[in-house]
A.B. asks: 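To start, I am sharing the structure in question, which I have written as structure tokens.
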Protein chains: 2
Amino acid sequence: MARTVTRTRRTRPSADQTRERILAAALDLFSDRGFDGASTREIAQRAEVTQPLLNYHFSSKDDLWRAAVDGLFAALTRAMTDRTAGLRGVDELTAARLLVREFIAFSAEMPQLHRIITQECKVDGPRMDWLVERHVRPMYDGITALFSALTEQGHLPAIPPAHLYYILTGAAPTMFVLGPECRRLSGLDPTSDEVVDAHADAVCMFLFGH
Amino acid sequence: MARTVTRTRRTRPSADQTRERILAAALDLFSDRGFDGASTREIAQRAEVTQPLLNYHFSSKDDLWRAAVDGLFAALTRAMTDRTAGLRGVDELTAARLLVREFIAFSAEMPQLHRIITQECKVDGPRMDWLVERHVRPMYDGITALFSALTEQGHLPAIPPAHLYYILTGAAPTMFVLGPECRRLSGLDPTSDEVVDAHADAVCMFLFGH
DNA sequence: GCAGGACCTTATCGATCGATCAGACTTCTG
DNA sequence: CAGAAGTCTGATCGATCGATAAGGTCCTGC
């Protein structure tokens, strides 16, 4: 594998940079247009490389998609674990509010995550099984565990955690997933810090009481 | 136009039925796989016709997509106006709860609506302008008007209506949009009446207070 | 009863898709 | 310095895409 040899020997710095440029371009186009709608030629054009180079760094379009999605969920995991690490000694309710805010901030910065989930998980397809078992289920388990603990302590109403999960993962990112539509309909800029903070305020107010 | 002539003269009953079968198949496949991912041959196969027949009844794939989306939003409009008509004399908060429940019930029965919005409205594309101005904006105006009235009367916290809109249109349908994923993750069947009712209970509790 | 329109099919077009191959260029190694 | 390995490109493959042309069948109206 050229990839592993390059990574271990690091003979040229350009290969890894090129790989990262391809992954970033692929993530944007896959999340925007879907797996079928994103052509490898357009991904290559955005990454400023030629199209056959994608098949040099990745064995197939499917492999490129998986690598891009892996990077995306790795960023989510890193953001949430970093945030959790800074919450030692904080009471559980405050910690939960801050974790929800972190999830919303990440969803605003990387709406590609939710775009890809909604593209692949609505119908059983060749990529749904991989995506759910590898990435979505850990996210589901973490969020529902948090909500179950909060419900037991009386901080949330007695709603089954599955419903809470889909309320949160719907209410939190939709404004950012539909960014261009939101800008056009409401005039708000969903990439601005003020709007992101206001949305986090709103979701937390509904979740944890008025 | 063959379409109008058929409808006015009604020479053969099969033409309109075929048209409806094509529209239903197109709606399912467009919402599942996106505009690019849904091939006209697969739509034709699901409608049990040959592929060139789509270009006989519709001038292009784009025209077929627009016709299918028109029918989808017409069904939403019909459901909501019918529900509103049955609410004379009901106080505003109860009416709002019932309208939200109707919106959730429709989203559960026809998740294609939200799937198509999220496919087309995340990036400016050839179909987003048409979809937003023709269908999404009226929905946005109706929902935000309802929320603004509720906020003025103190039934909702003072949150800008745009945020309320994206919280509702995210929290309400996501469980049904991601139906196969939900079934796999939680074991719940998002097409069953019990789960739909439970989700409506949860969203209303989330929105209108614990 | 036949002329014409409505409805549908088979065959096929050019364009674009993902993927592959041979070779060129660069950099490291012996 | 010569060869090997890593990185990238131009050319091109077969498959599939949306769309069209041409023809056939059946019903309707004169």
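Model, not experiment: these values are computed from the prediction. Just so it is clear: chains get the letters A, B, ... in the order the sequence lines come, proteins before strands, and each one is counted from 1.
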A.B. asks: Looking at A:Leu150, is its backbone amide N or carbonyl O close enough to the side chain of A:Glu92 to form a donor-acceptor pair, meaning the two atoms are under 3.5 Å apart?
C.D. replies: no
A.B. asks: So among B:Phe73, B:Phe103, B:Phe176, B:Tyr166, which one has a ring-ring contact (aromatic ring centres under 6.0 Å, His included) with B:His114?
C.D. replies: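 The residue from B:Phe73, B:Phe103, B:Phe176, B:Tyr166 that satisfies ring-ring contact (aromatic ring centres under 6.0 Å, His included) with B:His114 turns out to be B:Phe103.
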A.B. asks: Measure the CG-CG distance between B:Leu87 and B:Leu99 for me, rounded to the nearest 0.5 Å.
C.D. replies: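 If I round to the nearest 0.5 Å, the distance is 5.5 Å.
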A.B. asks: Does A:Pro173 offer a backbone N or O that forms a donor-acceptor pair with the side chain of A:His199 under 3.5 Å?
C.D. replies: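 Judged by distance alone, no pair lies under 3.5 Å.
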A.B. asks: Quickly work out the A:Gln51 CD to D:dT9 P distance and round it to whole Å.
C.D. replies: 11 Å
A.B. asks: In whole angstrom, what separates A:Asp36's CG from C:dT16's P?
C.D. replies: 18 Å
A.B. asks: Report yes if a side-chain nitrogen or oxygen of B:His57 is closer than 4.0 Å to either non-bridging phosphate oxygen (OP1 or OP2) of C:dA6; otherwise report no.
C.D. replies: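 Result: no.
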A.B. asks: Heavy atoms under 4.0 Å, any strand shown: does A:Ala44 hit a base, just sugar-phosphate, or nothing?
C.D. replies: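 Here A:Ala44 touches no strand at all.
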A.B. asks: What is the distance, rounded to the nearest whole Å, between atom CZ of B:Phe58 and atom P of C:dC8?
C.D. replies: 11 Å
A.B. asks: Report the distance from atom CD1 of B:Ile43 to atom P of D:dG18, rounded to the nearest whole Å.
C.D. replies: 8 Å
A.B. asks: Between A:Met205 and B:Pro157, what is the shortest heavy-atom contact and its length?
C.D. replies: SD-CB, 3.4 Å
A.B. asks: Of the nucleotides C:dT12, D:dT20, C:dA19, which has the atom closest to the B:Arg41 side chain?
C.D. replies: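 Nearest listed nucleotide: C:dT12.
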A.B. asks: Measure CD/A:Glu42 against C1'/C:dG18 and give the value in whole Å, please.
C.D. replies: 15 Å
A.B. asks: Using whole Å, report how far NZ of B:Lys61 lies from P of D:dC17.
C.D. replies: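 B:Lys61 atom NZ is separated from D:dC17 atom P by 9 Å.
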A.B. asks: Compare the minimum distances between each of C:dT9, D:dG18, D:dC8 and the side chain of B:Leu53, then state the nucleotide with the smallest one.
C.D. replies: C:dT9
A.B. asks: When the distance from CD1 of A:Ile22 to C1' of D:dC8 is rounded to whole Å, what number comes out?
C.D. replies: 10 Å
A.B. asks: Provide, to the nearest angstrom, the distance between the CG atom belonging to B:Asn55 and the C1' atom belonging to C:dC7.
C.D. replies: 14 Å
A.B. asks: Measuring from the side chain of A:Pro52 (C-beta onward, heavy atoms only), which nucleotide among C:dA19, D:dC8, D:dG10 has the closest atom?
C.D. replies: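 Closest of the options to the side chain of A:Pro52: D:dG10.
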A.B. asks: Give the nucleotide from the list C:dA19, D:dC8, C:dC8 with an atom nearest to the side chain of A:Thr18.
C.D. replies: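 Comparing C:dA19, D:dC8, C:dC8 against the side chain of A:Thr18, the answer is D:dC8.
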A.B. asks: Out of C:dT9, C:dA19, D:dG10, which nucleotide sits closest to the side chain of A:Thr50?
C.D. replies: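 Out of C:dT9, C:dA19, D:dG10, the nucleotide with an atom closest to A:Thr50's side chain is D:dG10.
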A.B. asks: Side chain of B:Tyr56, heavy atoms from C-beta onward: which of D:dG6, D:dT9, C:dC8 has the nearest atom to it?
C.D. replies: C:dC8
